[in-house]
Amino acid sequence: MQPPSAPSYSSGLVWFRRDLRTEDQAALYHALTQCQQVHCAFVFDTDILDALPRTDRRVEFIRETLVELDAALRTLSGHDHGGLIVVHHAAAADAVPDLAAALDVEAVYTNHDDEPQAIARDASVRTRLAAQGRALHTFKDHTVFERSEVMTQAGHPYSVFTPYKNAWLKKVDAFYLSSYPVERHAARLAPRPAGHRRPVPTLAALGFEPAGLAQLKIPTGSQGAHQLLADFIERIDKYEDTRNFPAVKGPSYLSVHLRFGTISPRLLARTAHERASQGSPGAATWLSELIWRDFYFQILYHHPHVVTDSFKPAYDAIAWETGPEADALFAAWCEGRTGYPLVDAAMAQINQTGYMHNRLRMVVASFLVKDLGLDWRRGEAYFALQLNDFDLSANNGGWQWASSSGCDAQPYFRIFNPVSQSEKFDPEGKFIRRYLPQLAGLPNAALHAPWKAKPLELQSAGVQLGGNYPLPIVDHDTARQQTLERYAVVKASA
DNA sequence: TTGATGTTCAA
DNA sequence: TGAACATCA
């Protein structure tokens with residue numbers, strides 16, 4: 001017997017978005033338990049894709065993943081034509097209600113997406129479905145806790161991470177971390193209706209060019225995610241000791257899979273939580289990173305103004321550098337031509353692979369804002385285009401943290417020294433040499449600040465400053481002073 | 001009858 | 001996990 005609150009339909013449609021898996025998928029589970037027949041759809045949303053350059057690793061990642069998801073749904077359903085309906089290249093706000101009508105489903109099921117644009121899109125879809133007499137049911141799926149699930153005693157959303165984390169850990173239990181048993185109900189997956197049996201469209205059909213995911217060895221789909229997880233489980237106990245060194249294989253590399261939902265956040269949190277409770281400090285630290293993720297989702301939900309403005313309004317009084325010189329500095333940062341090897345190597349990493357080590361994200365962000373005096377939003381926008389794992393909430397949170405304008409951000413007078421960060425976190429220069437081969441011949445002592453190297457060292461390493469490697473585009477100590485002055489308006493208005 | 005123990009279910 | 005419900009001697 002169904003509880004009275006759970007609806008019961010003859011047919012429903014699951015709209016996949018950033019939850020591209022069958023395992024432990026909230027919307028899919030609820031659809032399967034509430035509908036006799038369940039259809040599945042994904043929309044390559046032109047409202048998002050049209051703004052992107054024609055080569056985008058993420059579009060390729062999604063496409064590869066959909067091919068796997070389609071096969072997984074077919075296997076689960078047990079019939080040849082079970083599985084995914086791809087509505088390609090349309091505005092999702094139109095395509096979903098249209099498809100719901102074409103299939104004549106009573107309800108559409110999807111998972112919460114709390115980015116402001118997604119909220120607006122989903123509200124419009126809900127209205128259009130309602131006009132046809134159809135329901136839209138949405139569920140938490142991307143985080144362990146969302147929206148207003150973790151609140152202060154006073155009933156406010158947290159804006160400081162540590163108390164948020166403590167409350168999160170206090171609230172979490174085995175049930176919140178348990179998986180939705182999707183497989184048990186897979187028999188209700190509908191056969192794909194005739195007229196909807198097209199294969200997943202090719203990249204070319206979507207108007208994109210190959211981005212070389214295979215060469216980058218970025219594993220896609222649920223299978224790729226599980227492969228990475230298995231590898232990380234072997235290393236998780238060492239995570240705390242290794243995670244800050246970009247030359248070391250310390251991170252999980254699962255961020256892109258969390259982005260597209262090719263692995264369940266609950267599964268990851270459960271794995272980390274179990275291991276942490278058995279006394280693994282690495283697992284506890286990694287769990288903390290997952291909690292940061294929930295924290296920033298929750299911040300974006302409660303404070304959507306962070307998309308365009310500083311979390312702390314006082315920081316909007318800061319005057320950033322503008323004009324042609326600032327534009328030239330920005331271009332040098334983007335292209336990894338700052339003359340600071342760790343910054344340039346990090347930018348080479350993001351440009352070549354779509355990934356950047358987390359420590360380096362902080363270093364290059366601090367450099368853009370506090371050495372070049374450029375608006376954090378310019379860096380945020382560049383990351384948004386380049387990062388395979390780009391997520392508005394975490395990216396915005398990270399940039400506002402670095403610029404000190406965010407919730408629980410570092411204080412404005414804390415300015416990373418790009419050379420000391422380099423000496424500390426890439427002491428042997430392994431990471432720098434990997435991405436800046438033109439500097440590989442320099443001794444370790446000269447690698448972090450080549451402009452201080454002896455002429456003979458440079459010569460024997462084949463380095464010509466201002467030639468095959470740039471001179472520093474700014475002097476850190478001078479820039480530091482200017483930044484303190486630039487940020488003085490914050491103190492004044494506080 | 002009732003308390004002890006097992007099962008289900010929630011999101 | 002833990003509340004609610006079911007079963008049983």
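Here is the naming used below: chain letters follow the sequence lines, and residue numbers restart at 1 for every chain.
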Report task. Count the heavy atoms belonging to other residues, nucleotides or ligands that lie under 6.0 Å from NZ of K424(A), then report whether that count exceeds 12. Result -> no
Query raised in the report: Quick check: does any side chain N or O of H39(A) sit under 3.5 Å from a backbone N or O of G12(A), one acting as donor and the other as acceptor?
Result: no
Query raised in the report: Are Q421(A) and D426(A) close enough that a side-chain donor and a side-chain acceptor fall under 3.5 Å?
Result: no
**Report entry** Nearest-angstrom distance from the residue atom CZ of R266(A) to C1' of dA10(B)
**Finding:** 13 Å
Query raised in the report: In terms of side-chain geometry, is the basic nitrogen of R377(A) or D316(A) positioned less than 4.0 Å from the acidic oxygen of its partner?
Result: yes
Requested in this report: Mark yes or no for whether H30(A), through its side chain, and A26(A), through its backbone, hold a donor-acceptor pair below 3.5 Å.
Outcome: yes
Requested in this report: Using atom CD of Q25(A) as one end and atom C1' of dA11(B) as the other, report the distance to the nearest whole Å.
Outcome: 13 Å
Query - Euclidean distance, atom NE2 of residue H30(A) to atom C1' of dA10(B) [Å, nearest integer] - result: 9 Å
Requested in this report: Could you identify which residues of residues 169-185 of chain A place a heavy atom less than 4.0 Å from some atom of DNA chain C, listed by residue number, or say none?
Outcome: D173(A), A174(A), F175(A)
Query raised in the report: Given pairs defined as Watson-Crick or G-U wobble with both distances under 3.5 Å, what dot-bracket annotation applies to DNA chain B, with ( ) intrastrand, [ ] crossing, | other strand and . unpaired?
Result: .|||||||||.
Query raised in the report: Pairs in or reaching into residues 270-285 of chain A: which pass salt bridge (charged side-chain N to carboxylate O under 4.0 Å, His left out), with residues at least two apart or in two chains?
Result: D237(A)-R275(A)
Query raised in the report: Is any NZ, NE, NH1 or NH2 atom of the basic residue among D70(A) and R192(A) found under 4.0 Å from an Asp or Glu carboxylate oxygen of the other?
Result: yes
Query raised in the report: Is a salt bridge present between D122(A) and R126(A), judged by a nitrogen-to-oxygen distance below 4.0 Å?
Result: no
Query - Whole-Å gap separating P (dA11(B)) and NE2 (H112(A)) - result: 12 Å
